[in-house]
Amino acid sequence: MSRTGFYIERVGVVQRLNPMTKLAAALLLIAATFLLPDLLTAPLIFLAALVPVSLLANVGRSFFGVVAKIMLPIAISLLLVQGLFFPIPNPTPVPVGPLTFRLEGLLFAARIAGRLLVLAGAPLLIFLTTHPIDLVQSLIARGVPRSIGYILLVAMQLVPSIAERASAVADTQRSRGLETQGNLLMRARGLLPLISPLIVGVLLEVEERAAALESRAFLAAGPKTTLRDVPDSPAQRWARWALVLVFVALVTWRVALVFS
Amino acid sequence: MTAIIDLRAVSFTYAIANGPALRNLSIAIPPGQRCAVIGRAGAGKSTLCALCAGFIPDFYQGQISGSAVVDGQNVIQQPVSELVRHVGLVSSNAFSQISGARFSVYEEIGFGLENLGVPPAEMIERIAWALRVMQLEDLRDRSPYELSGGQQQRLVLAAMLALQPPVLVLDEPSAQLDPPATAHLADILRDLARQGTTILFAEHRLDWVAELAERVIVLDGGRLIADGPPAEVLIDPLLLERQIGWPHPAQLAADAREHGFWPAARPLAVTTVDLLAGLRVGLATDQRAWSPQQPTAPDVNHASAGAQAVTADPGHTTTAPIVQLEQVHYLYPSGVAALGGVSLTIGAGERVALVGHNGAGKSTLVRHLNSLLSPSAGRVCVAGVDTRTTTVARCARHVGIVFQDIRNQLFARTVRDELRFGPRNLGYSPPRVEELVEQALQALDLVACADMHPYDLPLAQRRLVAIAAVLAMDTALLVLDEPTAGLDNASIALLRRLVRGLAARGKSVVVVSHDLDFCFEVLERVILMRDGVLVFDADWNTLDTHVLADAIGLPHGLYVAQALELPPDSALNALLTGGPHPSVKREA
């Protein structure tokens, strides 16, 4: 994983959208897959909204790659488990070779898989097209505490850097004759010298980093400025309101449907 | 002029410590001064830095008394968040000072400015300036985490410079920089001071202190023991007495004086320029310095002389090489070539310096010496076995490597346990393990702290523990990566003794270092790398000094001998490049 997570630096219409606009659109699409009961809702949203947007944003390849990596194993196991064992009296049999699937189960699996497709795909598109700092800054501008924003950003970079440190520790201890291959007992014995320097290192760093953040005025009083310009426009503000309205309308319609 | 840093009778004891870290310290520093703080490891230098930047007692808790005012602010009372506009601190570990919240060098420098609410237009200007000053323009879009140690150090300095604090406090700013970068930093700090910035810096490298500082404060056990201009303080015998040491030019000048080559009334030099000037005067008046050296005076202390003694020993010349590299190429997974056909052999009793710029391929080469990396093409043999057919753990019987980042190494509860780990892994019998551990403890003067936790020791001693832990493995070859980084002179003296002792016992040592004076004093053979290939592999007497000078500079003695154009067989040349150093005598 790169330091900026999924983000791919490209110039395009989608990249120029305000993160909040993208967030509002994603939320609406996700809500729609749950609120519109038709089996085809989710696949339609995926094909008619997410796929064109990913192509428009010039991140199609990564989008399909990640979606396939996440969704294929889930979809296959859903179809197998639900398709074969869906708990229903008198299921409609669908024989496939030596196996007998249950139609209700297959439909249920398809519905869940479709929802997951949108649930994973929409946020993924945001991450692919939005610089993490822009996303965090937009959140902070809407009231998320700065410290939470900081933790989000730091976590993205810390994971790869801890992984690098772990391999440096392993190199160091192997150079001291530690056998990292071999039977379970030998490996278990090697755990302490591998893990302990990592933990001590991280703990020491926490203190030093806290001091460094203070040195860099993180806690200084007064107004802040930002180096990155997060794009926005009156049109987008209107669009966001419109998206919220559609969302409210959808919910109202569903609730009304339940009570009617 | 009123002082911008004004400490009066400050004493401080850390919450978990037994004794005070600072004792009754009173210092007044005027604006625009470049003031160095020197002293042995644990003398209180870092504590003084933290205090002046307001981190005590707000961040590092403990008992404090006295008063401390910096740029009109009471740094004992005020929180750091209010002091950042007045004083900025850069500490020695660059990695942990990267904010982690920004993804490029450019944005990282902007982070502090954003927090201070600097308007974007000004912010962009200041970042551009900081990038230019710290020579980071080519790296502006790189992730801070993908930089080398030296580059990261330049980045955290740039980020602090961009904040433009009136007082800049630097704790070992040169620790991870190579010689050209260190010289460049001195120029920058001089410029800043000229424009009015006050600079307080703690430093072990006394040569650099002599070049940069206008004033030197010496701490010992938290007490101020000397304070004055470098030309006076850095040749104070008290510094030798307290094992703080002198800068190299002062040592060389003292050697010259002992042999009558230094003008009688002239004070000893602390900088290279002064040393040259003094020697020129001495040479003009005393022709003896030019005369050929007496053949009866063998220079037993210099590396090459010692090496001759070792190679003359028939017991070592017949043994097989410990490590042999044949046309080794190495490509990173990204396809970038890190080594482009390296061949070399390291035999018993050799002392080798591996030098070159950051990124020249030194670390990659070292990782081939014990099979951590396997060559993409070519062959590496350790004790006659191809490293492709063996494991790192097996190579560890023959080659011990001490890496620079000792945090990756130390894990045991006591120093003694830490030392036992390696020899136990190698399968030595318990009595032999204990014997090796005791020898290593003694070699690095760690007997007194053998039962302490490694992390309770000051950083310099922790590095000695890391070295002792690999030394205890009793390998035929010991590889040390930047062993002198962050060490005080007393610890470096221990290392010098260690390396000489190992060679005398037929063990080999490879040192990767930017510390050319250390290399010159104790190592015989020099391998210079550039862009993944060997530029030369020669001993100090035969290597091409011009090539070395262009690449990374020269050790003081060699530089001065060249600048004075001394005949190779002259007495003064022998003194500068091979004669007995007073430091060596003191160790003996």
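Chain naming here is simple, since letters A, B, ... match the order of the sequence lines and numbering starts at 1 in each. Just so you know, these numbers use all the heavy atoms, side chains as well, and skip hydrogens, waters and symmetry mates.
In terms of modelled atom types and a separation under 3.5 Å, the side chain of A:Glu205 and the main chain of B:Ser96 share no donor-acceptor contact. Side chain of B:Gln409 to main chain of A:Gln173: no donor-acceptor pair is present (N/O by atom type, distance under 3.5 Å, no hydrogens or angles). No donor-acceptor pair closer than 3.5 Å links the side chain of A:Thr225 to the backbone N or O of B:Pro120.
Annotation: maximal heavy-atom pairing with chain B below 4.5 Å, among A:Ile151, A:Leu204, A:Asp229, A:Leu178, occurs at A:Leu178. Chain A forms the most heavy-atom pairs under 4.5 Å with one residue out of B:Pro423, B:Gly110, B:Ala159, B:Gly400, and that residue is B:Ala159. The choice from B:Val402, B:Leu83, B:Val87, B:Leu410 that makes the most heavy-atom pairs within less than 4.5 Å of chain A is B:Leu410. Of the listed residues (B:Val118, B:Leu163, B:Leu89, B:Val90), the one with the most heavy-atom contacts under 4.5 Å to chain A is B:Val118. Across A:Gly222, A:Ala170, A:Pro193, A:Ser161, the residue that shares the most heavy-atom pairs under 4.5 angstrom with chain B is A:Pro193. The residue among B:Leu426, B:Val470, B:Asn370, B:Leu372 with the most heavy atom pairs within less than 4.5 Å of chain A is B:Leu372. Interface summary for chain A: among B:Pro165, B:Ala412, B:Ala162, B:Ala101, the most heavy-atom pairs under 4.5 angstrom belong to B:Ala101. In terms of heavy-atom pairs under 4.5 Å with chain A, the best-connected choice from B:Gly117, B:Ala469, B:Gly112 is B:Gly117.
Looking at B:Phe103, both its backbone and its side chain come within 4.5 Å of chain A, counting heavy atoms on both sides. Looking at B:Ser143, the atoms closer than 4.5 Å to chain A (heavy atoms on both sides) all sit in the side chain, from C-beta outward. If you measure heavy-atom distances from B:Ala53 to chain A, you find no contacts under 4.5 Å at all. Interface residue A:Ala221: only backbone heavy atoms are found under 4.5 Å from chain B. Neither the backbone nor the side chain of B:Arg397 has a heavy atom closer than 4.5 Å to any heavy atom of chain A. Neither the backbone nor the side chain of B:Pro79 comes within contact range of chain A; no heavy atoms are under 4.5 Å apart. For B:Gln404, no part sits under 4.5 Å from any heavy atom of chain A, backbone or side chain. Of the atoms belonging to B:Glu82, not a single heavy atom falls under 4.5 Å from chain A. Proximity to chain B is absent for every atom of A:Glu9, based on heavy atoms less than 4.5 angstrom apart. Both the backbone and the side chain of B:Val392 come within less than 4.5 Å of a heavy atom of chain A. In this structure, chain B has heavy atoms under 4.5 Å from both the backbone and the side chain of A:Arg228. Residue contact with chain A, scored on non-hydrogen atoms closer than 4.5 Å, involves the side chain of B:Arg85 exclusively. For chain A, no part of B:Glu122 is nearby; none of its heavy atoms comes within less than 4.5 Å. For B:Ile98, the part lying under 4.5 angstrom from a heavy atom of chain A is the backbone only.
Contact residues of residues 120-133 of chain A toward chain B are A:His131, A:Pro132, A:Ile133 (heavy-atom distance under 4.5 Å). For residues 206-218 of chain A, the interface with chain B (any heavy-atom pair closer than 4.5 Å) comprises A:Glu207, A:Glu208, A:Arg209, A:Ala210, A:Ala211, A:Ala212, A:Leu213, A:Glu214, A:Ser215, A:Arg216, A:Ala217, A:Phe218, sorted by residue number.
Checked against B:Asn408 for a side chain to side chain contact (heavy atoms under 4.5 Å, CB included), the options A:Leu194, A:Leu198, A:Thr172, A:Val200 give a single hit: A:Thr172.
Closest heavy-atom contact between A:Gly177 and B:Asn425: O-CB, 3.3 Å. Heavy atoms only, all atoms of each residue included: A:Glu179 and B:Ala393 are closest at OE2-CB, 3.4 Å. Of all heavy-atom pairs between A:Leu219 and B:Ser81, the closest is O-CB, 3.4 Å.
In this structure, CE in B:Met473 is found 7.5 Å from OG in A:Ser175, a value given to the nearest 0.5 Å. Atoms CD and OH, from A:Glu164 and B:Tyr145 in turn, are 10.5 Å apart once rounded to the nearest 0.5 Å. Rounding to the nearest 0.5 angstrom, the gap separating the CD1 atom in B:Ile401 from the CZ atom in A:Arg176 is 13.0 Å. Note: B:Arg394 CZ to A:Arg174 CZ = 12.5 Å, rounded to the nearest 0.5 Å. Note that OG1 of A:Thr226 and CG of B:Asn115 are 11.5 Å apart. Values are rounded to the nearest 0.5 Å. Note: A:Leu227 CG to B:Ile109 CD1 = 10.5 Å, rounded to the nearest 0.5 Å.
Around the OH atom of B:Tyr60, the shell of radius 6.0 Å holds more than 12 heavy atoms that belong to other residues, nucleotides or ligands. Shown here is A:Arg61, whose CZ atom has no more than 12 heavy atoms of other residues, nucleotides or ligands within 6.0 Å. Environment of CD1 in B:Ile16: sparse, with no more than 12 heavy atoms of neighbouring residues, nucleotides or ligands closer than 6.0 Å. Counting non-hydrogen atoms of other residues, nucleotides and ligands closer than 6.0 Å to CZ of B:Arg413 gives a total of 12 or fewer.
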